[in-house]
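FYI, the numbering just counts along the sequence from 1. Because the structure is a prediction, the values reported are computed rather than measured.
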Amino acid sequence: SFKARDGQGAWSEEATTTVIVNGVPIAQIVGIDPTLANAGDIVEFRGTYSDAEDSITEPERISDLDGHLRADMAFSASGLSLGTHTITFRVKDGYDVWSAPATSEVTINGVPKARIVLISPDRSLEGDEISFEGEGDDEGSIVESQWSSDIDGLFGVGFSLTHSDL
């Protein structure tokens, strides 16, 4: 309230108004699980907030690679782009005040592709040597490869090998 007094000592009526002091909401990323996923895997996102005065009217979750994600406090997603995503989470309260952003990362790994380049000969007698050659492709590097058959199971490792015990 406010009032004024003149030179003869008379006071005015009080003028009053209401001032609302709004605290800034706080957003927190509770979890991203897993933080390293393969392409197509389901990733769970969980967030929370605190705001002393009121409730949250708008959560916002953004990937620096894919843009806006769902705006729920908790949700699951698959189909994220390959690469390391910086996830930004913030919330807006009833007075249209946004929280500071909370950030975390999730990496989506591409599934490597395997290709059989050569099997020679493609018909043989039991005990004959057979040559196998394959290759793998990935956005990173291939660190392991293996050969198996539906009858004998795993029979070798490496991109190229010769085997006579099928």
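Closest approach of Ala27 to Ala100, counting heavy atoms only: CB-O, 4.2 Å. Of all heavy-atom pairs between Asp93 and Thr57, the closest is O-OG1, 3.4 Å. Here the closest non-hydrogen pair linking Ser99 and Pro25 is CB-O, 3.0 Å. Across every non-hydrogen atom of Asp138 and Gly110, the tightest pair is OD1-O, 3.2 Å. The two atoms that bring Val30 and Thr48 nearest to each other are CG2-CG2, 3.5 Å, heavy atoms only. Residues Asp66 and Ser63 come closest through the heavy atom pair N-OG, 3.0 Å.
Residues Ile130 and His163 have side chains not in contact (no heavy-atom distance under 4.5 Å, counting atoms from C-beta outward).
Counting only distance, with no hydrogens or angles, the side chain of Arg90 and the backbone of Arg61 share no donor-acceptor pair below 3.5 Å. No donor-acceptor pair closer than 3.5 Å links the side chain of Asp122 to the backbone N or O of Ile119. With hydrogens and angles disregarded, no donor-acceptor distance shorter than 3.5 Å links the side chain of Gln146 to the backbone of Gly156.
Residues satisfying the salt bridge (charged side-chain N to carboxylate O under 4.0 Å, His left out) test with Glu44, not counting sequence neighbours, are Arg46. The salt bridge (charged side-chain N to carboxylate O under 4.0 Å, His left out) check on Asp96 picks up Lys92, with sequence neighbours excluded. Asp152 meets the side chain to side chain donor-acceptor pair (under 3.5 Å) test with no other residue; sequence neighbours excluded. With sequence neighbours left out, the side-chain contact (heavy atoms from CB on, under 4.5 Å) criterion links Ser120 to Leu118. With sequence neighbours excluded, the residues that form a side-chain contact (heavy atoms from CB on, under 4.5 Å) with Pro101 are Thr88. When the side-chain contact (heavy atoms from CB on, under 4.5 Å) test is applied to Asp6, the partners found at least two apart in sequence or on another chain are Gln8, Ala10. By the side-chain contact (heavy atoms from CB on, under 4.5 Å) test, Ser12 pairs with Lys3, Ala4, sequence neighbours left out.
Sorted by first and then second residue, the ring pair (Phe, Tyr, Trp, His ring centres under 6.0 Å) pairs with a member in residues 124-152 read Phe132-Trp147, Phe132-Phe155; sequence neighbours excluded. Each ring pair (Phe, Tyr, Trp, His ring centres under 6.0 Å) pair with one or both residues in residues 10-31, not counting sequence neighbours, would appear here, but there are none.
Within a 6.0 Å radius of CD1 in Ile116, no more than 12 heavy atoms belonging to other residues, nucleotides or ligands are found. For CD1 of Ile42, the number of neighbouring non-hydrogen atoms (other residues, nucleotides, ligands) closer than 6.0 Å is 12 at most.
By the 4.5 Å side-chain criterion applied to Ile, Leu, Val, Met, Phe, Trp and Tyr, Val19 is assigned to a cluster that also includes Val21. Taking a 4.5 Å side-chain heavy-atom cut-off between Ile, Leu, Val, Met, Phe, Trp and Tyr, the cluster of Ile87 extends to Ile29, Ile32, Val43, Phe45, Tyr49, Ile56, Leu69, Met73, Phe75, Leu80, Leu82, Phe89, Val91, Val106, Ile108. Taking Ile, Leu, Val, Met, Phe, Trp and Tyr as hydrophobic and joining them when side-chain heavy atoms fall under 4.5 Å apart, one finds Trp98 isolated, its cluster having no other members.
Annotation: the span from Thr86 atom OG1 to Leu65 atom CG amounts to 7.5 Å, rounded to 0.5 Å. Considering CG of Asp33 and OG of Ser76, their distance stands at 9.5 Å, rounded to 0.5 Å. Of the inter-residue distances, the one linking Ser164 atom OG with Leu125 atom CG reads 12.5 Å to the nearest 0.5 angstrom. Between the CG atom of Leu161 and the CD atom of Glu133 there is a distance of 10.5 Å, given to the nearest 0.5 Å. Taking OG1 from Thr84 and CG from Asp64, the interatomic distance works out to 9.0 Å, rounded to the nearest 0.5 Å.
Hydrophobic clustering of Ile, Leu, Val, Met, Phe, Trp and Tyr side chains at less than 4.5 Å, counting indirect connections, unites Val24 with Ile20.
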